Amino acid sequence: METTRDEVFSRLQTIFDELFLDEVVVTPELSAKDVEEWDSLMHISLVVSVEERFGIRFRVGEVEATRNAGEFVNLIFDRLGGSHV
Amino acid sequence: MIAQARTDTISMKIYPNSSVAIQELKKLLLDRDKTFWPALVKLTTSAATFNQLITLSTMRKKAVKLGLNGSSDRLIDPIKMGLIGGSMLYPLSDLLEHMMTVTVGKARILTGDYNNYRSEILEAASALYEFQPDFVIVLPDDQSCKYTGRLNDPEEMVEAEIDRVSSDLLQLCSIIRERSAAEVLLCNFILPSAIDLGPLRAKSLASDWSFRKAVNLRLGTKAPNYVHVCDLEFLAYRLGGLTAKDDRSWFESKQLCSPALQVALAKEIAHLIGSLTKSPKKVLALDLDNTLWGGVIGDDGIKGIEIGDTSPKGEAFKAFQSYILSLTERGLLLAVCSKNDFDNAIEPFREHPEMVLREGHFVSFKANWEPKAQNLIQMADELNLGLDSFIFVDDNPAEVENVRQFTPEVTSILLDPDPSAYVRQLQESRLFERFNITGEDLQRTEQYREEATRRNLLASAVDMDSYLSSLEMAGTFREFNPIDLPRIAQLINKSNQFNLTTRRRSEAELAALMSDQRYTGFSMRLSDRFGDHGLISVVICLRNDDASLEIDTWLMSCRVLKRQVEEQVLNEIVRTARVNGCRLITGVYLPTAKNQMVSDLYARLGFEPVNVTTERSEYSLLAETFSAKPTFISTVSRPD
């Protein structure tokens with residue numbers, strides 16, 4: 001069964017809940033500057049977690065190019081082989 | 001608190017489900033629970049992945065903000081570390097700070113700029129020297145360790161470049177030392193796991209693979225005492241070459257290696273610095289029952305304990321003893337701390353032939369019924385050493401608990417229930433590592449070198465005799481005795497190839513034979529400079545009524561073939577004949593499907609054929625005219 005974008009969002013929320021101490025609600029507009037804990041170290045951790053949990057591998061440079069959680073979800077969605085609606 | 005934490009980690013298994021444990025820890029933090037910090041220490045030492053460590057590090061920072069670390073070490077000067085290198089040193093520096101803070105103590109890290117280590121070292125006024133580091137960690141990048149010539153350049157050219165690269169790095173280390181008096185941790189190079197070049201990879205010294213290996217070796221063997229090699233090559237190997245590197249993170253953020261290897265590296269650096277800042281352990285105090293042998297000496301007796309080659313379990317205990325013995329060569333002292341009657345406890349060390357450890361290996365032998373902590377205190381007093389230089393090893397959780405409670409300075413190791421894991425468990429405690437070769441070692445090395453030169457002169461041609469002589473073999477003959485009996489029975493019932501008559505006998509039959517005057521049974525043990533082969537040959541002789549000596553059984557373990565053991569055993573058989581007043585020795589070969597190997601043994605050893613058929617061949621030898629076969633085995637004979 002194909003994963004929907006909503007499912008990607010909710011799975012990403014679980015990962016955020018595990019990683020961050022403070023509560024962070026994942027919205028499409030959310031970006032690192034909105035969260036105090038989200039430093040570059042946490043960012044690496046986030047990418048590693050997402051790759052592990054979703055079983056995907058990002059290509060060089062593409063995570064850096066995403067500007068917010070929405071674009072990040074789109075990227076995950078792409079790498080999962082999904083098609084944009 | 002830190003010493004206590006370290007103790008705990010040694011016996012602790014990796015958390016069955018560390019993500020659950022981390023969530024629990026998060027709860028402790030949010031509840032501002034005082035047990036947060038000890039739990040953090042435990043989880044950090046067992047953390048295996050990058051993410052776990054990062055999460056723990058984030059929690060630690062938060063806890064410090066909340067004032068949860070609560071220890072008084074704010075007054076202690078922090079350990080100052082300069083981390084410099086040829087790649088981006090963040091997030092490594094963060095992992096390192098976490099490992100240091102949690103497992104060693106307060107630390108401050110100065111993180112160098114990307115690929116700026118040369119100028120940081122060479123400029124006398126750099127931030128590095130201003131920082132006055134206690135330790136400088138140098139992490140050069142792989143790109144700088146490359147032969148830039150051609151793959152088929154003459155070896156001398158490549159060798160010269162290996163020299164240049166390695167001495168250049170060591171030169172940088174010596175400058176650090178001169179300008180800061182810091183100890184230097186020099187990371188060596190990760191070997192490339194690229195399959196490219198194929199067969200040429202190993203054939204050309206100029207390939208990245210061979211070149212880096214050669215440079216790494218040179219760095220290790222040429223490093224002066226203040227340079228401690230942080231063996232990144234080994235860490236990457238242990239992890240697996242493909243997992244160690246991550247090309248994407250190099251292109252994206254100039255990371256030297258994968259997150260997984262960064263975790264291993266941070267742990268290694270913290271371990272090295274921790275060991276360098278603590279005084280080394282000096283005494284290993286050992287329990288006896290189920291620690292050095294299987295079973296309980298007081299109940300099972302010397303014949304009942306499991307030690308040696310008779311059973312797999314016995315072999316495991318023997319291997320453990322051998323490892324412990326090897327630790328004495330690193331300067332460690334051994335002691336016994338056991339709840340036993342002294343007389344029972346000492347007996348295996350004096351009487352049991354399979355014991356590797358002997359009475360003389362111990363500086364203190366406490367076998368009594370006092371609490372072990374009390375014995376350790378007394379031992380420390382007698383040896384004039386601090387309790388913190390003691391390591392205590394026991395298989396019994398209650399004893400370990402007693403020692404942890406009453407003498408927390410002692411580092412305790414609770415052994416795994418499986419004795420085959422004992423050696424690995426001691427090794428993984430990492431308490432027995434040494435940094436440098438001492439002056440005494442060097443002296444010994446010098447003696448070895450002279451000896452080696454002498455040997456090389458003697459044996460310029462490779463021949464069997466010089467090989468056998470170089471083995472420094474020592475043989476011991478013993479009459480059958482109750483302790484050896486299980487191993488003897490095992491050989492009698494299992495040996496097929498080097499076995500002249502293949503007569504099987506049970507342990508009970510052998511015991512009966514021992515009290516029969518007409519029989520003489522003896523065994524031989526062999527050791528050489530590489531180690532102990534244990535009990536490897538068995539002979540049973542029968543004195544017949546006509547005063548001839550018949551070789552009823554003669555067998556040998558095949559692992560000591562071509563070692564002149566047969567010749568040495570024959571010498572002992574002839575001696576037995578003479579002692580028993582026998583002029584004639586007879587031997588029989590009974591062929592089986594498997595003992596073809598010894599079909600000509602008697603003929604080869606100078607026996608005369610008496611009656612040779614396909615089912616049975618009989619030979620004889622005159623004891624009085626026999627002259628002993630020369631061998632390279634020095635022997636201890638049985639008493640006459």
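Protein chains get the first letters and strands the later ones, always in sequence-line order, with residue 1 at the start of each. Quantities reported herein were computed from a predicted structural model and do not represent experimental measurements.
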- prompt: Between A/Arg79 and A/Phe54, is NZ or CZ placed under 6.0 angstrom from the six-membered ring centre and within 45° of the ring axis?
  reply: no

field: Most chain B-contacting option - heavy-atom pairs closer than 4.5 Å, from A/Glu51, A/Arg59, A/Glu52
entry: A/Glu51

query: Closest approach of B/Leu197 and B/Ser207, non-hydrogen atoms and distance?
result: CD1-CB, 3.5 Å

Contact class of B/Leu29 relative to chain A, heavy atoms under 4.5 angstrom: side chain

- prompt: Pick from B/Asp247, B/Ile54, B/Thr58, B/Asn51: which one has the most heavy-atom pairs with chain A under 4.5 Å?
  reply: B/Asn51

query: With the threshold set at 4.0 Å, does a side-chain nitrogen-carboxylate oxygen contact exist between B/Asp231 and B/Arg238?
result: no

query: Between B/Cys187 and B/Val138, is any pair of side-chain heavy atoms under 4.5 Å apart?
result: no

- prompt: Can a salt bridge be assigned to the pair B/Arg60 and B/Glu97 using a cut-off of 4.0 Å between side-chain N and carboxylate O?
  reply: yes

- request: Could you pull out the closest heavy-atom pair between B/Ile79 and B/Met100, with the gap in Å?
  value: CD1-CE, 4.0 Å

query: Is the number of heavy atoms from other residues, nucleotides or ligands under 6.0 Å of B/Lys146 NZ greater than 12?
result: no

message: Between A/Thr4 and A/Asp6, is there a side-chain donor-acceptor contact under 3.5 Å, judged purely by atom types and distance?
response: no

- prompt: Are A/Glu18 and A/Arg53 within salt-bridge range, i.e. N to O under 4.0 Å?
  reply: yes

- prompt: Side chain, backbone, both or neither: which part of A/Phe58 has a non-hydrogen atom closer than 4.5 Å to chain B?
  reply: both

- prompt: Taking 4.0 angstrom as the limit, do B/Asp208 and B/Arg201 come out as a salt bridge?
  reply: no

task: Taking the side chain as every heavy atom from C-beta outward, state whether B/Lys26 and B/Met59 have any pair of such atoms under 4.5 Å apart.
output: yes

query: Could you name the residues of residues 30-42 of chain A that have a heavy atom within less than 4.5 Å of a heavy atom in chain B?
result: A/Glu36, A/Glu37, A/Asp39, A/Ser40, A/Leu41, A/Met42

field: chain B neighbours within residues 22-29 of chain A, where any heavy atom lies under 4.5 Å away
entry: A/Asp22

